[in-house]
Amino acid sequence: MIAPWILLFAPLFVAAFILLVGQRSKLLSAGPAILGALICCAISWWLFGQPETTDPIRIDWIDFSKVFGPDSPIRFTVSIGLELDSLAKSMLVIVCTIAPLVFIYSVGYMAHEEGYGRYFAGLSLFLFSMLGIVLADNFVMMFIFWELVGVSSYILIGHYYSKDSAADASKQAFLVNRIGDFGFMLGILVFWMATGTIVFGELPDAIGALQSSPFWLATACVLVFCGTIGKSAQMPLHVWLPNSMEGPTPVSSLLHAATMVAAGVYLLARMFPVLVLSPAALEIIGWVGGITCFAAGLMGLQQNDIKRILAYSTISQLGYMVVGIAVAPVYGVAMFHLFTHAFFKCLLFLCSGSVIVGMHHEQDIWKMGGLAKKMPITFLTMCAGGLALMGFPFFSGYFSKDLIIEFAFEKGGVPAWLALGGVILTACYTTRLLWVVFFGAPRSDEAKKAHESPLVMTGPLILLALPAVLAGWPFIQQRFFTIEHPHHVAGWVPWAILALLFIGIIGTILIYRGAPKKDPVVIPFFANRLYIDDGYRYLVRWVQDGTAQVSGFIDRWLIDGVCVNFGSRLVWAVGFVFRFLQVGNLQAYAFFFGAGVIILLYFLIS
């Protein structure tokens with residue numbers, strides 16, 4: 001079957017074409033990128049409609065037995081394999097449906113920005129990298145594309161590289177992800193050494209050696225989960241994601257909705273048959289997800305940058321997905337929320353981009369206000385996305401997020417209460433965002449002069465608003481995921497979720513009614529992101545300064561003082577002593593010669 005190969009490599013070919021030829025004009029940059037994304041979209045839906053196959057499409061790549069012979073002590077083979085099971089096909093639809101909408105939207109958003117061709121080449125490379133992760137049938141292939149996603153994000157987040165903040169954000173994203181990826185790599189090595197395979201489909205049957213040692217099985221699973229902590233911005237490695245807002249807004253939309261951050265949850269879904277064999281690993285995963293969804297909600301309450309608020313909401317919602325992996329009996333529960341979240345979060349970020357363009361690139365929500373009448377399409381579509389994010393009844397997030405909370409309470413434990421607490425936090429920061437931006441009086445000249453975005457930007461907003469409302473409904477969910485609702489959850493849980501939702505909405509409206517000029521609620525602990533970023537800053541500075549001082553001591557006293565200067569000074573001292581023997585007087589030389597002979601005879605005779 002050639003269609004999956006076309007799906008995978010079309011964006012890579014487009015990226016190469018744009019870099020080599022397309023930068024001559026905007027049409028040759030945007031046109032091929034959009035065409036490539038549309039081709040991927042069409043193929044992904046065609047593949048989704050095909051019967052599921054259990055045999056991956058594989059091409060042999062590395063085989064040590066062919067290099068070192070059949071008697072080689074190392075038996076290691078790697079293939080380029082494309083997995084086309086129901087999980088992969090569902091994820092392909094998510095990625096490839098959102099990508100062309102973001103690409104089309106970018107035509108309007110980037111119309112007057114620098115690096116037009118470089119931007120679309122980076123987007124195409126980003127899409128290629130994510131598709132490689134989705135289609136990979138083994139750890140090595142996934143890890144290669146995992147790192148390519150990191151490189152792509154580095155390029156796109158740092159698109160405005162002349163700005164120090166953008167350059168710093170891209171480096172931070174790259175370096176923080178390397179920490180998680182190091183753990184991921186160790187996990188891959190543990191699984192390979194224990195099972196002899198790196199193929200996902202073969203792991204459950206080969207896991208017997210690790211099952212006999214629960215500690216090592218849990219260790220291997222948690223090490224792989226480190227990759228998710230980095231890519232999906234789980235605490236404590238979440239700090240890079242809010243700062244990645246320095247990139248163009250369409251990049252933020254694609255990154256938060258369907259590519260980079262979704263990769264971590266997809267990895268857990270792919271590993272689910274192995275994870276369920278380790279209750280200890282699932283317990284750790286549940287705690288990390290619960291803490292993340294609650295703490296990120298607290299931080300989102302006091303942010304003033306429109307994109308940063310959405311960034312913390314993404315971290316929180318990813319925490320819900322991670323909890324879903326830990327508490328549900330099937331991976332479909334977490335993937336269902338990833339599915340609905342992809343559409344409404346992409347919509348919210350594109351709406352924020354529309355607001356930013358209409359506000360002449362102002363991002364502070366306290367310089368906005370009264371935009372509902374000036375930007376009606378953006379307003380209505382962002383409300384649809386916001387209600388879905390909050391889990392408002394009958395919007396897509398209502399069906400998927402509430403399901404995770406119910407499963408969490410069926411299992412019990414602290415993560416369930418953290419997830420429930422996240423409901424009111426989500427309602428508060430989302431309502432605050434919508435109310436301050438779109439209602440009340442304009443708070444700046446930019447707000448007074450705001451205007452609706454062009455059709456090339458509002459068109460994708462309208463198209464995304466439909467799945468933001470409908471994607472969670474059962475008639476759509478059943479086409480993608482087979483899910484059974486929990487049977488042993490307390491009857492008060494759904495009512496508690498609704499009560500907290502409406503308390504958050506009504507309470508926030510009451511606090512921010514009257515169009516205040518500045519935030520009437522100031523909580524420095526939340527505004528400063530729980531001081532976690534400051535803690536990292538001090539840690540890095542302490543480690544860097546401490547390392548510099550130790551290195552300086554070693555360089556000055558050991559390398560220079562002992563290895564270099566000691567030898568040179570020893571030679572100088574010897575030369576200084578022998579210099580007194582070179583007096584330039586023949587009588588003195590005769591005296592030294594005679595004295596030497598006498599001393600020599602003395603030793604010989606004695």
Side-chain angles (χ1 to χ4, degrees), residues 1-15 33-58 80-103 123-138 141-142 144-146 148-149 152 200-201 231-232 253-272 321 331-332 334-343 345-346 400 463-464 467 471 476-482:
M1 187 186 292
I2 195 173
W5 296 105
I6 296 175
L7 171 69
L8 176 61
F9 286 104
L12 179 62
F13 174 80
V14 168
I34 294 171
L35 179 61
L38 289 172
I39 291 172
C40 291
C41 180
I43 295 175
S44 69
W45 279 100
W46 179 79
L47 289 172
F48 183 76
Q50 299 301 304
E52 183 174 345
T53 75
T54 55
D55 297 325
I57 306 165
R58 287 183 182 149
I80 302 298
L82 306 186
E83 187 74 65
L84 288 172
D85 59 1
S86 58
L87 173 60
K89 290 194 288 188
S90 298
M91 192 68 188
L92 284 175
V93 168
I94 296 170
V95 175
C96 296
T97 301
I98 285 176
L101 295 175
V102 174
F103 281 44
L123 275 187
S124 298
L125 180 62
F126 202 18
L127 178 59
F128 164 70
S129 306
M130 187 61 195
L131 291 177
I133 290 176
V134 175
L135 291 169
D137 81 322
N138 62 77
M141 180 178 170
M142 176 176 279
I144 291 170
F145 283 99
W146 193 271
L148 274 175
V149 164
S152 305
F200 296 125
K231 276 287 185 290
S232 293
S253 175
L254 192 60
L255 187 150
H256 285 248
T259 52
M260 187 169 178
V261 298
V265 178
Y266 179 78
L267 170 62
L268 295 182
R270 180 59 70 196
M271 286 290 295
F272 192 77
M321 298 173 208
Y331 66 75
M335 287 299 297
F336 180 34
H337 192 47
L338 188 151
F339 176 74
T340 59
H341 176 265
F343 292 107
K345 185 50 62 68
C346 182
S400 58
L463 293 176
L464 282 167
I476 294 179
Q477 171 253 306
Q478 292 165 6
R479 288 283 296 144
F480 289 87
F481 309 103
T482 302

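Phe13 meets the ring pair (Phe, Tyr, Trp, His ring centres under 6.0 Å) test with no other residue; sequence neighbours excluded. Qualifying side-chain contact (heavy atoms from CB on, under 4.5 Å) partners for Ala471, counting only residues two or more places apart in sequence or in other chains: Phe339, Thr340, Phe343, Ser396, Pro467. Every residue two or more places apart in sequence or in another chain was checked for a side-chain hydrogen bond (donor to acceptor under 3.5 Å, both in side chains) with Ser124, and none qualifies. Residues satisfying the ring pair (Phe, Tyr, Trp, His ring centres under 6.0 Å) test with Phe336, not counting sequence neighbours, are none. Shown here are the salt bridge (Lys or Arg N to Asp or Glu O under 4.0 Å) partners of Lys231, two or more places apart in sequence or in another chain: Asp181. Residues meeting the side-chain contact (heavy atoms from CB on, under 4.5 Å) test with Ser129, sequence neighbours left out: Leu125, Leu148, Val149, Ser152. Considering only residues two or more places apart in sequence or on other chains, Tyr266 meets the side-chain hydrogen bond (donor to acceptor under 3.5 Å, both in side chains) condition with Arg270. In this structure, Phe272 has no ring pair (Phe, Tyr, Trp, His ring centres under 6.0 Å) partners at least two apart in sequence or on a different chain. Contacts of Ser44 classified as side-chain hydrogen bond (donor to acceptor under 3.5 Å, both in side chains), with partners at least two apart in sequence or in another chain: none.
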Original post:
Given Phe200 and Glu83, is the side chain to side chain contact (heavy atoms under 4.5 Å, CB included) satisfied, shown in steps?
Top reply: CA-CA 10 Å; Phe200 296 125; Glu83 187 74 65; 5.5 Å; no

Original post:
side chain to side chain contact (heavy atoms under 4.5 Å, CB included) between Ile133 and Met260: does it pass, once the steps are laid out?
Top reply: CA-CA 10 Å; Ile133 290 176; Met260 187 169 178; over 6 Å; no

Subject >> Stepwise side chain to side chain contact (heavy atoms under 4.5 Å, CB included) test for Leu135 and Phe145 >> reply: CA-CA 10 Å; Leu135 291 169; Phe145 283 99; over 6 Å; no

**OP:** Decide side chain to side chain contact (heavy atoms under 4.5 Å, CB included) for Trp5 and Ile80; before the verdict, give the C-alpha distance in whole Å, the side-chain angles of both, and the deciding distance to 0.1 Å.
**Re:** CA-CA 11 Å; Trp5 296 105; Ile80 302 298; 3.9 Å; yes

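With rounding to the nearest 0.5 angstrom, the CG atom of Leu38 is 9.0 Å from the SG atom of Cys40. A distance of 12.5 Å separates CG of Leu338 from OH of Tyr331, quoted to the nearest 0.5 Å. One finds the NE2 atom of His337 at 6.0 Å from the NE2 atom of His341 (value rounded to the nearest 0.5 Å). For the atom pair CG of Leu131 and CG of Leu7, the computed distance is 5.0 Å after rounding to the nearest 0.5 Å. To the nearest 0.5 Å, atoms CE (Met130) and CH2 (Trp146) are separated by 8.5 Å. Summarising the geometry, atom SG belonging to Cys346 is positioned 11.0 Å from atom NE2 belonging to His256; distances are rounded to the nearest 0.5 Å.
Across all their heavy atoms, Val14 and Gly36 have their closest contact at CG2-CA, 4.1 Å. Shortest non-hydrogen contact noted between Asn138 and Met141 is OD1-N, 2.8 Å.
In this structure, the side chains of Val134 and Leu87 stay at 4.5 Å or more apart for every pair of heavy atoms.
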What side-chain donor-acceptor pairs closer than 3.5 Å can you find for residues 89-103, not counting sequence neighbours?
residue	atom	partner	partner atom	Å
Lys89	NZ	Gln50	O	2.8
Ser90	OG	Ser86	O	2.9
Thr97	OG1	Trp45	NE1	3.0
Thr97	OG1	Val93	O	2.6

